[in-house]
Every structure is written in structure tokens, then in C-alpha cells.
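Data first, discussion second: the structure below is written as C-alpha cells.
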Amino acid sequence: MSGGTIWKGYIRFGDTNLPVKLHPAIREERIQFHLLHKHDRVKLRQQMICAYEKKPVPAEAQAKGFEVEEGKYIIVDPEELEQTAPESSRVIEVHEFVKTGQIDPLFLDRAYYLEPDSQSKEYNALAVALKEMEAEGICTWTMRKRSYLGALQSSGKILRLNTLRYADEVVPVKSLELEKISLTEKELKIGSDLINQWTGPFRAEKFENEHEKKLRNLIDKKARGEKVAVLRPRRLKPTAPDKLLQALEASLKKVA
Amino acid sequence: MSRKVVEVAGRRLSLSNLEKDLYPSYGFTKAHILEYYRRIAKFILPHLKDRALTLKRYPEGVEKDFFFEKRCPSYRPVWLKTADVHRHSEERMTVCLVNDLETLMWVGNLASVELHVPLAGVGSPETPDSMVFDLDPGDQANILHCARVALILRDLLLELRVASYVKTSGKKGLHVYVPLNRKETTFEDTKKFSKTVATIMQKNYPDLVTAKMAKEYRKARVFINWSQNDSSKTMICVYSLRARERPVVSFPLGWKELEGLAGQGNPEKLLVIQSEAVRRAEKQGDLFREVLVKKQKLPHL
Amino acid sequence: MKNYSESNRRHEMAVQGIWSGTISFSLVAIPVQLVKAVEPGRVSFRLLHSKDYSPLQRRMFCPEEDKMVPPDEIIRGYEIGPGKYILITDEELESVSPERSRTIEIVEFIDLKEVDSIYYDHPYYLVPSKGGEKAYRLLVEAMRRTNKAGLAKFVLGEREYLVAVKSTEGALALITLHYRDEILPDEGISPKEEGIEDEDKSRMQRNIKKMMADFNPGKYADGRRKKIVALLKKKVKEKAPVQAPEIEEEEGEGPADLIAALEESMRKVKKSR
């Protein structure tokens, strides 16, 4: 069963005005560790400590400052910050539609399911229309005092909203300043052949988080008081540039 | 925006707005700044090496706004050396390491006129390589008062069999460095030691020295700022330019030279301008070299 | 991953980027580093003490002893019962999957079109380390030509990730994927009524067609961030910033030995002047 409703709003474009409920689509469960005081194993808490008084400071005595110069701050009151909050609204405004697959996955943030909040005929129509046209809507909305950018997607039956990162949050490839290195057609051909030979369908269910099981085993072992062997991580020897073609050819033989 | 692509040590660097006048009262452009750092590189680089750089950037020139940048900008080139540091248990931060000429040029191109570094390297952030006495004159005192204090400090430390080295701050003060270069000495030690020294100095020269931070104590006195001996603090790097009207440099002086200058009574003579800095460094070598290598133990701790 | 023990912290600092290791496919191994692909663009504030404007630091605090705990006194524990913990060191953590903690091994290639976008979690870039530039470029180009992406698993910190490695504008992007069981089922979301009106559908398709465009994320900026920057600019003009007190240690004498030695030296210095 999906998570509960976290927000309600309307999808709006053209003359469409569709009430929906937002549900989380992802649930992450991770092994949770605590930080302990070594000598008595007391669980530690994070606290905000005043650098001057070296004492914990309660939330009501905390202020937000923007550092303009070392040690100098502009204090911003909560009310002032409140004013910069986007106006609350229930509208998921679709600005345009793009072809599915156009959005680089680097921009995709988090997925939510949309449930129809009243009659579902229009909802069904939109889900089918988007699927048939292989399109998704680029939209903006305000939720919990934050503005979001997102993609309205359809699985054919169900509408989803995937939040998108703002353009200035994604580090441009240009800034990596990668070297341009020329390759021979032969190297490229063998590399591409190797990839094609090695391509299979994507089956998410094939992959389990084995590591987590092993980690739980380790914890169990330690809980039983058994000794745990410490293993060193494996490191591979990099392929030398002048051995690249050779390694590719050998790889191709291995696959074939 | 004008751009120029140059090659430094095999790395391509795109430099922007080279003609921008960053010291407008003096007519010193970004190209001049890069040229200064290029010529002083072999002297300044050992002092920047493996230290978390704090950029102090003046995009509109030294007479306009500046900002500090401790984090290494995310648009840095991929070859640029960085380190991840934790300040106390705060979040992790990626900092720039200026270990080579190309990085120095890149940093200069960001209009980071001043280069500030901590007293400890990134590999051992709690272990200072040197202890510093930051001599800061009050409103009615000047660099000559600092020189007097520095010379007394030198003698006092010599009595304790500890050698010290002095440089101009490039502004109004002097910085006295005591090389340590031992991994056993912590900031806690250097803080305790320098504070005790400052307190004794104040007690013996109450009209000349104060060990107190508050402005009202400073006035005609020299404030011995011992609190710079802290892992969270940075000092202006020796040979760095300062953002003043003129391109003055934080420059090392010989003790004899300081004695002479203190006797002449002209504070201006304690300011070393960039062209003179290059000339003198080329001639005399790095007077601050010992700060990086000399091993000394603080007595009585 | 947060590392709290001192020795590890030092070790980590020598390493560039978030992670360094090798990416491999078949017999080719490329030394790489993992770097951030997302940089939160928001204006960052510091928390201050409203009394004296001194900055606040996040510290681990022991409620029992009512004091701050330095990093070398902190250890990671897994709770197996109320107040009962199993302690796990960094070395033990790394040895859970030693074959994956320094190697991203591509186990197969896939067509990214087959990956439902619901799986995408967090992106990074891989950049080549010294000597790996050529093989890196080959992998980038060959994946671009074939329009394929590599699937791999690797361990970062306390967790193992399923990742897709793809070619993006001449670089390798690594995107962590959710595991199948992290995706909530969509039962109960689907509409109760099945039917659809053809008229609704064609009206929507007409509208969608009218509004088709190319994806250009640069068009949309976070309006709030702009407002905050404007507010800060205004405040800087109107009012001088407040200043945090300089951190001064509590008054107190230094070690007696040192004071005595200094007093003694001071007498000599004064005499000679």
C-alpha cells in the first residue's frame, strides 16, 4: 500500500482543472546506527553549541544570520523570511509538455503518486493522453512554503509527479574540464560492440541490497560474541592506455 | 566579458577580464596581480602547500565589496587539488589546496587578491606548524610601536631558547612566527603559551602592550592577538598581496633590518610594495623558510 | 558517510572527491573519482546565538555527563535492545563488501529507456584519475554511440547502491537507483472508475499538442531564492551587520613553570635594553 496523502492540489493547463492527492512513491529503509560515547556507550545527541559560551543554545535563542564578512552577520528575522516564502496555492500549473525521455535523469529528484480527488474520468483521460503522446508536463507548484519544479508523468493508468532540480543546482559538465582525447575508429567500434553484446533488459527485481544482509549478519555475529575478520577492500589495477585496445579485444572474445 | 585561454604547466586556464583595474587608485589590473603571483610563486607556494585556502575575493576591485570563500567553488577545474575538511563536528567542506602555479593562477583569476591560510596543514588540522603573535596597533599607535613589541618578543623568546621570525602584515601590523613543526604540539598548547606570553608582556610594558581584545584597551597600545592560535583561524599568507590602495605585500623582514627600520622612525618604510617584494625575494631568498622546517619545542608546558 | 573517529578523518582528508576507486567493464579498469553533480543553490544562513550573535556549532553532546564529546570519544553503535548496542568500527564496515567498496563493476549494459524514472535517486559525476583518461573517454563515447548505460553496484559509506552509469555531454554520470522494494506499490492510487470519455481525451491531447516544447530547465528559477537575495541586498544597505564576539578564553594563569621562566627571562630582557 502506498504512503498516506501528503498534500492536495489541482493540476491546471488549458481548460483542465484536475483535483489530485499526493502520495509518496518511495520509502527508504536503511540500517540506522547511533553515535555513542565510547567509554560508557551512552547515546549522544546533537546540540547547537554557542562558540563563545560553549554551552548548548535552545531553539528559541537561535537566530539566522548571513555572513557578509568574517564574523559579521546580517540577521534575518523569521518574519522576514516568511515574507519570501512563495504564496501558498493549490495549483500545479503545467507550463508546457515535453517528449518523454528528454529530461536528463540528473534533474529528476523525487517521485510522488497522484490520486484522483473526485471523479476520475478526466484523470483517466489525462493518464491515457500523456501515455499515448509519450509526453510529460513541466509544472510548478508550492508545497509547504517552497516552490517546486516537477514533471507530470503517466504510467498509462496512474499519474505521477516527479520533482525536478533547478538548473542551477545541477553542476554543469563543463566545470569538470575533462580532457579531449581522440580515439581510433577501431577502438570505438570494439567498445561499442562489447557494450551491445553485453546488453540485457533492465530488471530491477534482480538486484537486491545484499550488502545490507551482510551488514546484518555482521551485527548478529558480533552480538553473539563471535570474532569478525577484517577484510581489505579489493582494488583493481587500471588498464594502461597502450593496453586498452588489447583489453577490449580480449573482453570481446570473452563475451563471444 | 573578455576571456583569454592560456596554458600553465600543461593545464589550460581560461582567464577573464584581465584588463580590469582591481587597484584603481594605483592602476593595477588583474593581469598585474597574476603577473605578481607568477613571479613570486616559487616563494609563496611552499607556504600555501597543503593548507586549506580561504579566498578573499574582490570582484569589483579592492575599494569595493569583498567576500570570504572557504569552500572551494564547485566550478573549479577537475585537476585542482582539494581536500575535505571537517570543522569540529560541523558538516564537511571541500577546500582548495594551492600546491602549484596553475592553481595559484586560477585563484588569482577569481580576483582573490588576498590569500589566507590556517597555521596547520589539512593532514593534521589540530596540529599547528607554527605559533603566531599577531601584533595589531590601536588607533593611536602604528607599525613602529609594533616593531618595538616584536623586538622585545624576539628577545624574550630567545631567552627561552626559541627562535622567531617576523613579517609585515601588509597593513598596519606585524606577525611574529615561532616555527614548531612537531606533531606533538597542539593549538591548545600554542594558545596557552602565547596567551601567557602576551599577559606577561602586558604586565611589564603596560603602556605599550595589551593582551585584551576590547578596543578601549588598545588605543595607543599594541594588541598582542594570541587567539589566532586556533584551528578555525587563518592568517594572511607571507608574500600575499593585501587589498589596500596600493598593492602592498605581507613580507618577511630580517630582525636586524627591523631594528634599523624601527630606529629610523618612518612607518612607510615598513610597507613593501609588490615590485619591491619580487626584487627583494629574488635577491635574499625566502626569509621565512625556517618557519616551514625548523623544529622547536615550547618549553615549560 | 560521516566519519567521527579522528584517525579516519585524517585518512579521508587526503582523498579527493567523495570517493575514489575503479570503474570496470569486462577486462577494462578505469581509475576514477566520484564528484558531486548537485550543489544546493540556496542561500546559506548560519545559526547564531541571539544573545551575542556568536555562531552555533553542531556538536555531539552526552546527556548523561552534560558535556560536549570530542570526535575521538565517539563510536558507531547498532541498537539491539533498549540501551544495548553492538559497536561497529569503520574497518569492519568496509570489510562487509570488500569487493565493492573500491570498485564499480559494470555487470551489464541496459537501454535507459527501459528504466522507469521512478527509480532515479541521486546523481554524481565520475571523473578520470591519472592514467584513466583514455579508457574513460572510450566508455563515454561508446555508451553515447550505442545509447546504453551500465549497471553496477558499489558501496559508499554504510550503504550499497545500485547505480546506472551513463554518458552525459562527454562525461560519465553515475545515478544511484532505488531498489525495487523501496518503491511503494501504487495499489489504492488507481482510480475507482475505469471508464474514460473520448471527448476528454481528445480535448487534452489538443491542449498538450499546443503546449509541446523542448525541455529547458534554465527557464525555471527558484523564485524564493531570488527574493532572499533581494532581501539580503536591501538589509546590507539599510543596516550595519552585527558582529560576533571574538572568542576569548577564560581568564586564568598559564602553567606556573612557564610563568616563572617568562618572568625570569623578562627581567634579563629589560636589563639588557
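Only a predicted model underlies this, so the values are computations on that prediction, with no experimental measurement involved. When reading the values below, keep in mind they use all heavy atoms of this one structure, side chains included, and skip hydrogens, waters and symmetry mates. Convention: sequence-line order gives letters A, B, ...; per-chain numbering from 1.
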Under a 4.5 Å heavy-atom cutoff, which of C:His178, C:Glu133, C:Lys166 has the most pairs with chain A?
C:His178
Counting heavy-atom pairs under 4.5 Å to chain A, which of C:Met143, C:Lys84, C:Glu64, C:Glu92 comes out on top?
C:Glu92
If you count heavy-atom pairs under 4.5 Å between each of C:Asp116, C:Ile106, C:Ile23, C:Leu112 and chain A, which one has the most?
C:Asp116
Is it true that A:Glu80 and C:Lys235 make a salt bridge, defined as a side-chain N closer than 4.0 Å to a carboxylate O?
yes
Picking from A:Lys222, A:Glu60, A:Lys21, which has the most non-hydrogen pairs under 4.5 angstrom with chain C?
A:Lys222
Derivation and outcome, side-chain hydrogen bond (donor to acceptor under 3.5 Å, both in side chains), residues A:Glu122 and A:Thr16
CA-CA 8 Å; A:Glu122 275 209 310; A:Thr16 302; 4.8 Å; no
Heavy-atom proximity to chain C below 4.5 Å, by part of A:Leu159:
neither
Run the salt-bridge test on A:Glu205 and C:Arg180 with the 4.0 Å N-O cut-off and return the result as yes or no.
no
Given a strict heavy-atom distance threshold of 4.5 Å, which part of A:Ile158 is in contact with chain C: side chain, backbone, both, or neither?
side chain
Using a cut-off of under 4.5 Å for heavy-atom pairs, which of C:Ser129, C:Ala142, C:Gly77, C:Ala171 has the most such pairs with chain A?
C:Gly77
Select one option (side chain, backbone, both, neither) describing which atoms of A:Asp15 are under 4.5 Å from chain C's heavy atoms.
both
Side-chain donor/acceptor of C:Glu160 to backbone N/O of A:His211, under 3.5 Å:
yes
Part of A:Arg41 lying under 4.5 Å from any heavy atom of chain C:
both
When A:Ser147, A:Ala135, A:Gly200, A:Gly137 are compared by non-hydrogen pairs under 4.5 Å with chain C, the top option
A:Gly200
Using the side-chain hydrogen bond (donor to acceptor under 3.5 Å, both in side chains) rule, take C:Glu73 and A:His37 through it: C-alpha gap first, then chi angles, then the decisive distance, then the call.
CA-CA 6 Å; C:Glu73 289 178 26; A:His37 205 167; 2.6 Å; yes
Which atoms of A:Leu188 come close to chain C, meaning under 4.5 Å heavy atom to heavy atom: side chain ones, backbone ones, both, or neither?
both
So that I can tick it off, tell me whether C:Arg159 and C:Glu182 are bridged by a salt bridge, with the cut-off set at under 4.0 angstrom between side-chain N and carboxylate O.
yes
Output the option from C:Lys219, C:Met212, C:Lys148 having the highest count of non-hydrogen pairs under 4.5 Å with chain A.
C:Met212
Salt bridge check, C:Asp198 against C:Lys201: does any charged N sit closer than 4.0 Å to a carboxylate O?
no
With respect to chain C, which residue among A:Arg160, A:Lys43, A:Arg110 yields the maximal number of heavy-atom pairs within a distance under 4.5 Å?
A:Arg160
Among A:Asp40, A:Leu149, A:Ile103, A:Asn217, which residue forms the greatest number of heavy-atom pairs with chain C at distances under 4.5 Å?
A:Ile103
Please state whether the side chain, the backbone, both or neither of A:Val42 comes within less than 4.5 Å of a heavy atom of chain C.
side chain
Under a 4.5 Å heavy-atom cut-off, does chain C meet the side chain of A:Glu210, its backbone, both or neither?
both
Heavy-atom contact with chain C under 4.5 Å, split by part of A:Glu179
both
Where is the tightest heavy-atom contact between C:Lys227 and A:Pro86, given as atom of each residue plus distance?
NZ-CA, 4.4 Å
Looking at chain A, which one of C:Ile30, C:Ile183, C:Val140, C:Leu47 has the largest number of heavy-atom pairs inside 4.5 Å, strictly under?
C:Leu47
After noting the C-alpha distance and the side-chain angles of A:Asn162 and A:Asp109, does the key distance pass the side-chain hydrogen bond (donor to acceptor under 3.5 Å, both in side chains) rule?
CA-CA 7 Å; A:Asn162 208 320; A:Asp109 197 354; over 6 Å; no
Criterion ring pair (Phe, Tyr, Trp, His ring centres under 6.0 Å) on C:Tyr179 and C:Tyr119, from CA distance to verdict
CA-CA 8 Å; C:Tyr179 286 103; C:Tyr119 281 100; 9.8 Å; no
So which part of A:Lys206 gets closer than 4.5 Å to some heavy atom of chain C, the side chain, the backbone, both or neither?
side chain
Heavy atoms, side chains only, cut-off 4.5 Å: are A:Tyr73 and C:Arg46 in contact?
yes
